[in-house]
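One structure below.
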Protein chains: 2
Amino acid sequence: MTSRPPVPPRMSDVAERAGVSKMTVSRVLSGRSVSQATREKVQKVIDELGYVADAAAGALSSGRSEFVAVLVPSLSSSNFSDTVRGLTAAFSPHGLQLLLGDTDYRLEQEELLVRSMLRHQPRCVALTGSRHTEATRTLLRRAGIPVVEMWDLPADPIDTAVGFSNATAARAMVRHLHECGYRRIGFIAGASERDRRGLDRMRGYVAEIKALGLGEPRVIRLGESPITMSHGAPAIGALLEAWPDTDAVMCVSDMSAFGAIMECHRRGLSVPRDIAIAGFGNFEVSWCCQPTITTVSVDAYGIGLRAGETLLAALAAREAGQTSRTKAVKIDFEVIARDSA
Amino acid sequence: MTSRPPVPPRMSDVAERAGVSKMTVSRVLSGRSVSQATREKVQKVIDELGYVADAAAGALSSGRSEFVAVLVPSLSSSNFSDTVRGLTAAFSPHGLQLLLGDTDYRLEQEELLVRSMLRHQPRCVALTGSRHTEATRTLLRRAGIPVVEMWDLPADPIDTAVGFSNATAARAMVRHLHECGYRRIGFIAGASERDRRGLDRMRGYVAEIKALGLGEPRVIRLGESPITMSHGAPAIGALLEAWPDTDAVMCVSDMSAFGAIMECHRRGLSVPRDIAIAGFGNFEVSWCCQPTITTVSVDAYGIGLRAGETLLAALAAREAGQTSRTKAVKIDFEVIARDSA
DNA sequence: TTGAAAGCGATACCAG
DNA sequence: CTGGTATCGCTTTCAA
C-alpha cells in the first residue's frame with residue numbers, strides 16, 4: 001500500500017509523464033492552440049495525477065492575479081450579501097474570484113483589509129460607501145487598478161461609483177408619508193457614526209421634515225450597526241415616550257421597522273391604524289411581515305452586478321489602452337407603499 | 001507634476017533606497033530580528049514608497065499561502081454568515097485570510113470552487129455538510145491539508161468535523177411538542193434534495209413521529225433551498241389543506257416558521273392557540289417575532305469558531321510533525337420553548 | 001504546433 | 001545582525 005504522495009505533482013511532472021514540454025501543458029490548461037491529440041494526452045495525465053496548477057506561481061509569472069477584492073460593511077446583512085451575489089454573477093464568467101472582506105462598518109478595518117488584499121494584486125477593487133481613511137484612498141490610488149464605490153454617490157470618488165443618494169431616498173419616503181396624511185413623523189436610526197448611509201438617510205429625513213414645515217424632527221438614535229431586528233423594539237419605545245403623539249415612524253432599515261411593528265403588536269397598538277411604520281431596503285421581511293411593510297426598494301443585487309460590469313469595462317478599456325469613461329452609475333430606488341403606512 | 005508610477009515598487013527598490021539587502025527588508029516585513037535602527041530606516045522607505053509586498057511571490061517562495069478555503073451553501077443565510085464570522089475570529093489573529101465561496105447548495109458548484117481554491121494552495125479547508133462529490137473528496141485528500149466538515153457529523157468524514165446531528169435535533173423538537181400536548185404534528189420542508197441538513201431534520205421528524213406512535217407523518221415539501229421567509233406561507237397553506245386538524249407544525253427553519261406564523265395572522269388563526277408553530281435555528285427573527293418562536297438553538301458562530309480552532313490545531317500538530325487527534329467535535333443544540341408552541 | 005530559456009518577486013539557507 | 005545565492009512553479013518570449 002502506497003502512502004499519500006507528500007508532494008503534489010507539478011506541471012513538470014505532468015509534462016514529463018505526457019512526454020511534452022511544460023509549455024504545452026500550460027497551453028492545454030489555458031485552453032490555447034494545441035493539437036487535439038496532444039491535448040487529450042495531456043489532459044489524461046492531468047486527471048490521473050490530480051494535478052492542480054499553482055495560482056501563486058501563475059500570478060507571479062504572468063503579473064496578474066484572478067482576484068477581485070470586495071469589501072462590505074457586513075456579510076450578514078441581506079442587502080450586502082445580495083450585492084455580493086451580483087458581483088459574483090458579473091465576475092465568475094470571467095474566471096475572476098472574489099476576495100471577500102467584512103469591514104464591520106469600521107474604516108480602520110477596511111484599511112487593514114485593503115492593505116492585506118492588495119498584497120494579492122487584485123485586478124480591481126469594489127468597496128462600500130464613500131467614506132474611507134486617507135490611507136485607504138492613497139493605497140488604492142497607488143495600486144493603479146480600477147476601483148468602484150458602491151451604495152452611495154461620492155462627491156469625490158476614488159475612481160468610479162455605483163449607487164444612489166440615501167438622503168434623497170429618505171426624503172422621498174418622508175414625502176410619501178406626508179402625502180398619506182401623516183404629520184407627526186419620527187425617525188429611528190442607529191447611534192453609531194459608522195454607518196454613513198444610515199446617517200445620510202437620517203439627514204434626508206431631517207431636511208425633508210424642515211422643507212415640509214412639519215416642525216422639529218423627532219429622531220431616536222439607538223444601537224450599533226449593523227441595525228438588526230432587535231433594534232426596533234426599544235427604539236420605538238423611546239420614540240413614543242419622547243413624542244407620544246407621533247403618527248408615523250420611518251426606520252433606517254426594514255429590520256428596525258419589523259422590530260418596531262412587533263413591539264407595537266405587543267403593546268396592543270395597531271399598525272398602521274394607531275401608528276404607521278415604514279422601513280428601508282425592501283428586505284424579504286418587509287413583504288412577508290403581517291402587515292406588509294411600506295419601504296424604499298433598492299436593487300442590491302443590481303448594485304453588485306453594475307459595479308462588476310463597471311469594473312470589467314474599466315479592465316477591458318485598460319487592456320485596449322484606453323481610459324474608461326464611466327464615472328458614476330446611478331441606481332434607481334422606489335418607494336413601495338404597502339400595509340404598514 | 002509627475003504622473004503616477006506605472007510600476008509599483010518592489011522589495012528590491014525598497015532595499016536599494018534604504019541601503020540594505022532585500023533579505024533585510026523581508027525580515028522587517030515579517031517582524032524578525034533586525035536592529036532597531038535598520039528597522040526604522042527600512043520602514044520609513046516602505047511608507048514613503050507605499051510598498052506592498054507581493055503575496056504571490058511570497059507564497060511561491062515559501063511554499064505556503066495565507067489562505068483558508070471556506071465553502072458555505074449560502075452566504076446570505078444568517079446561520080452560515082455567523083459561522084463565517086466564527087471562522088474569521090479564529091483565523092485572523094493568525095494572519096490567515098478566508099477565501100470564501102458560496103456553493104448555492106450545489107455539490108457540483110462546491111467541486112468547482114474547491115478545485116479553483118485549491119489552486120491557491122490554502123493552508124486548510126472548511127466546508128459545509130457531509131455530502132460531497134467523489135471528485136471533491138479526492139481533490140481534498142490529495143491536497144493533503146487539514147479539512148473540516150461543518151454543520152453535520154459525517155459517518156465517513158474526509159478528515160475532521162464540527163457539527164451536530166440534525167436528525168437528533170429535530171427529534172428533540174418533536175418530543176418537546178409532544179410533551180406540550182400536541183398530537184397531530186406536521187412538518188414543513190424544502191422540496192429540493194440539495195439541502196441535506198434540512199432532509200436530515202425531516203427524517204428525524206418522521207422517525208420520532210413513528211417512535212411516539214403519532215400516526216402517519218404529515219410532511220409538506222415545497223420550494224428550493226435556501227429556505228426563506230416566503231416559504232412559510234404557501235407551505236402552511238398546503239399543510240392545512242392536506243390535514244386540516246393539524247395542531248402543531250414544525251418547520252425546517254425559523255424562516256419558514258416566521259412566514260407560516262404571518263400567514264396564520266392573515267387567516268385570523270391565533271398562534272399557538274389555534275395552531276402551534278416551531279422553527280429551527282434560533283435566528284434573530286425567532287425572538288423578535290410576536291409571538292416569539294419556539295425553536296432549536298444551534299451555536300452557528302461557535303461551529304465556525306470551533307472549526308477554525310480544529311483546523312489550527314491540525315496545522316500546529318503538522319508543524320510539530322505529529323498527527324492531530326481531534327476527529328469530531330460535537331456541538332450542542334437546545335430546544336428553546338417560546339410563545340409559538 | 002511545440003520547445004528552451006529567462007525571468008516574475010519573494011524567502012530559505014548558509015556565510016560572514 | 002546582515003547579505004548573497006539558489007529557488008519556488010509557472011508564463012512570456014522567441015525560435016524551431
Side-chain angles (χ1 to χ4, degrees), chain A residues 5-43 45-46 49-67 95 116 118-123 143 319, chain B residues 5-43 45-46 49-67 95 116 118-123 143 319:
Chain A
V7 169
R10 303 303 176 206
M11 190 179 275
S12 54
D13 301 321
V14 176
E16 194 179 352
R17 188 145 162 184
V20 298
S21 73
K22 280 195 303 176
M23 267 323 298
T24 301
V25 178
S26 174
R27 289 189 182 107
V28 169
L29 251 29
S30 57
R32 270 178 292 203
S33 59
V34 173
S35 77
Q36 187 59 27
T38 316
R39 154 160 283 117
E40 281 166 10
K41 184 171 59 181
V42 172
Q43 189 59 55
V45 176
I46 289 177
L49 260 45
Y51 170 66
V52 177
D54 183 330
L60 177 58
S61 178
S62 66
R64 48 161 48 192
S65 79
E66 307 288 75
F67 283 129
S116 126
L118 246 24
R119 288 171 36 86
H120 297 284
Q121 317 267 79
R123 294 276 273 279
E319 199 107 352
Chain B
V7 170
R10 304 302 175 206
M11 189 178 275
S12 54
D13 300 322
V14 176
E16 194 181 351
R17 188 146 163 182
V20 299
S21 73
K22 281 197 303 177
M23 267 321 299
T24 301
V25 178
S26 175
R27 289 188 182 108
V28 169
L29 251 30
S30 57
R32 272 178 290 203
S33 59
V34 172
S35 79
Q36 187 59 25
T38 316
R39 156 161 281 117
E40 282 167 8
K41 186 172 55 182
V42 172
Q43 189 59 54
V45 175
I46 289 176
L49 261 42
Y51 170 67
V52 177
D54 183 330
L60 177 59
S61 177
S62 66
R64 47 160 48 190
S65 78
E66 307 289 74
F67 282 130
S116 127
L118 246 25
R119 288 171 34 86
H120 296 285
Q121 317 268 75
R123 295 275 274 279
E319 198 107 354

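Per chain, numbering begins at 1; letters A, B, ... match sequence-line order. Hydrogens, waters and symmetry mates are skipped; everything else that's a heavy atom, side chains included, is used.
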OP1 or OP2 of dT2(C) sitting under 4.0 Å from any side-chain N/O of T24(A)?
->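 No, T24(A) has no side-chain N/O under 4.0 Å of OP1/OP2 on dT2(C).
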
Residues in side chain to side chain donor-acceptor pair (under 3.5 Å) with [X], at least two apart?
X: R123(B); value: E66(B)
X: R39(A); value: none
X: T38(B); value: S35(B)
X: S116(A); value: Q97(B)

Nucleic acid footprint by protein, nucleotides 8-16 of chain C - heavy-atom cut-off 4.0 Å, B for base, S for sugar-phosphate alone = BBBBBB---

Report the distance from atom CD of E16(B) to atom C1' of dG4(D), rounded to the nearest whole Å.
->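 Rounding to the nearest Å, CD of E16(B) and C1' of dG4(D) are 16 Å apart.
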
Using distance only, find each side-chain donor-acceptor pair of residues 13-23 of chain B under 3.5 Å and give its atom names and separation, not counting sequence neighbours.
from: D13(B); atom 1: OD2; to: R10(B); atom 2: N; distance (Å): 2.7
from: R17(B); atom 1: NH2; to: E48(B); atom 2: OE1; distance (Å): 3.1
from: S21(B); atom 1: OG; to: M23(B); atom 2: N; distance (Å): 3.4
from: S21(B); atom 1: OG; to: T24(B); atom 2: N; distance (Å): 3.4
from: S21(B); atom 1: OG; to: T24(B); atom 2: OG1; distance (Å): 3.4

